[in-house]
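The next block holds one structure in the form of structure tokens; read it before the comments.
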Amino acid sequence: LNIVQQPLSAMAGENLNIGTNAPPQVRVVDRYGNPVLVGPYSITATVDPTATIFGPTVQTNNSVDGTATFTNMSIRKAGDYEMAFTPAGAGLEVTNSQGFTISANTNSARVSILTQPSNSKAGSPVTPNPVLLVQDQFNNVVTNQSLEASLLQDSNSASYATNSTTNLVTGTNGQATFSNLLINQA
């Protein structure tokens with residue numbers, strides 16, 4: 001097999017052929033690199049390390065030049081991968097792609113609270129510091145995401161806060177700490 005179009009990096013859940021990315025494509029060739037026009041051969045795509053591929057993973061090289069095109073495939077787990085193309089047929093070998101990256105889908109990011117703020121005395125810093133986690137819809141952590149966090153006043157109290165709005169950036173673990181939080185009055 002000869003890889004005509006390598007799989008390219010994408011965001012989790014998006015088709016590997018999104019935007020200007022061409023879909024992964026392989027061609028059955030002989031040992032001299034000439035297209036093999038007999039067949040057709042079924043070719044299966046898998047990824048290493050193991051992750052589920054959504055969409056068609058088995059294609060047949062029915063085209064005139066012996067190619068098989070893998071359209072509408074997506075991977076939901078962020079990570080670095082290689083794709084293996086395995087032909088069904090005697091004498092044909094598995095071919096591995098170059099590496100590509102599936103990143104967290106920042107288009108579907110959501111924030112959750114890992115560490116809740118606790119009751120604090122007026123004029124004292126809130127401890128522990130609230131910690132936020134940013135993930136995409138597939139539970140991949142979103143890194144280097146800018147967000148603004150605000151402490152909102154409870155509708156049943158007259159309390160308010162200073163330093164209650166801050167710009168945060170998530171780290172490599174998708175977490176951002178809401179620090180320097182101070183409640184002015186009870």
Side-chain angles (χ1 to χ4, degrees), residues 1-112 114 132-148 167-176:
L1 284 180
N2 181 28
I3 298 177
V4 177
Q5 175 61 52
Q6 296 280 346
L8 300 174
S9 297
M11 285 196 287
E14 291 187 347
N15 287 337
L16 294 180
N17 58 302
I18 192 95
T20 58
N21 288 357
Q25 189 177 64
V26 295
R27 180 177 296 136
V28 179
V29 294
D30 64 19
R31 63 182 168 174
Y32 304 108
N34 300 311
V36 175
L37 304 178
V38 296
Y41 295 100
S42 289
I43 301 167
T44 302
T46 57
V47 290
D48 182 37
T50 302
T52 301
I53 298 176
F54 294 88
T57 58
V58 177
Q59 296 293 331
T60 304
N61 66 326
N62 286 326
S63 67
V64 181
D65 62 354
T67 60
T69 303
F70 293 82
T71 58
N72 301 317
M73 290 177 25
S74 67
I75 298 171
R76 294 180 181 171
K77 183 178 179 185
D80 295 321
Y81 296 97
E82 287 183 3
M83 189 168 286
F85 298 99
T86 307
L92 298 175
E93 296 180 5
V94 174
T95 299
N96 292 317
S97 74
Q98 66 187 18
F100 62 99
T101 300
I102 301 299
S103 58
N105 192 329
T106 57
N107 295 328
S108 65
R110 64 180 191 269
V111 178
S112 58
L114 285 181
L132 308 176
L133 174 65
V134 182
Q135 295 176 301
D136 68 11
Q137 66 184 5
F138 307 112
N139 297 321
N140 297 304
V141 295
V142 176
T143 60
N144 299 315
Q145 180 72 35
S146 296
L147 56 117
E148 183 177 285
N167 293 316
L168 305 172
V169 177
T170 58
T172 57
N173 59 359
Q175 297 179 15

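We're numbering straight along the sequence, starting at 1.
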Problem - Closest approach of Glu14 to Ser74 (non-hydrogen atoms, all atoms of both residues) - result: O-CB, 3.3 Å

Problem - Check against side-chain hydrogen bond (donor to acceptor under 3.5 Å, both in side chains), Asn34 and Arg27 - result: CA-CA 9 Å; Asn34 300 311; Arg27 180 177 296 136; over 6 Å; no

Practice task
Would you confirm whether Gln25, through its side chain, and Gln5, through its main-chain N or O, come within 3.5 Å as a donor-acceptor pair?
Solution key: no

Practice task
May I ask you to test the Val47-Ile75 pair for a side-chain heavy-atom distance under 4.5 Å?
Solution key: yes

Exercise for the section: Kindly indicate whether the side chain of Ile3, heavy atoms from C-beta on, has any atom under 4.5 Å from the side chain of Thr95. Expected result: yes

Practice task
Answer yes or no: is there a side-chain heavy-atom contact under 4.5 Å between Gln98 and Glu82?
Solution key: no

Practice task
Kindly indicate whether the side chain of Leu1, heavy atoms from C-beta on, has any atom under 4.5 Å from the side chain of Val28.
Solution key: yes

Problem - Side chain to side chain, Met11 and Thr106, heavy atoms closer than 4.5 Å - result: yes

Handout entry: Ser97 side chain to Met83 backbone, donor-acceptor under 3.5 Å
Key = yes

Handout entry: Beyond-backbone contact of Asn140 with Arg76, side-chain heavy atoms, under 4.5 angstrom
Key = no

Handout entry: Ser108 and Asp136: CA distance, side-chain angles, deciding distance, side-chain hydrogen bond (donor to acceptor under 3.5 Å, both in side chains) verdict
Key = CA-CA 5 Å; Ser108 65; Asp136 68 11; 5.0 Å; no

Handout entry: Passing candidate, side-chain contact (heavy atoms from CB on, under 4.5 Å) with Phe70, options Ile53, Asn17, Val26
Key = Val26

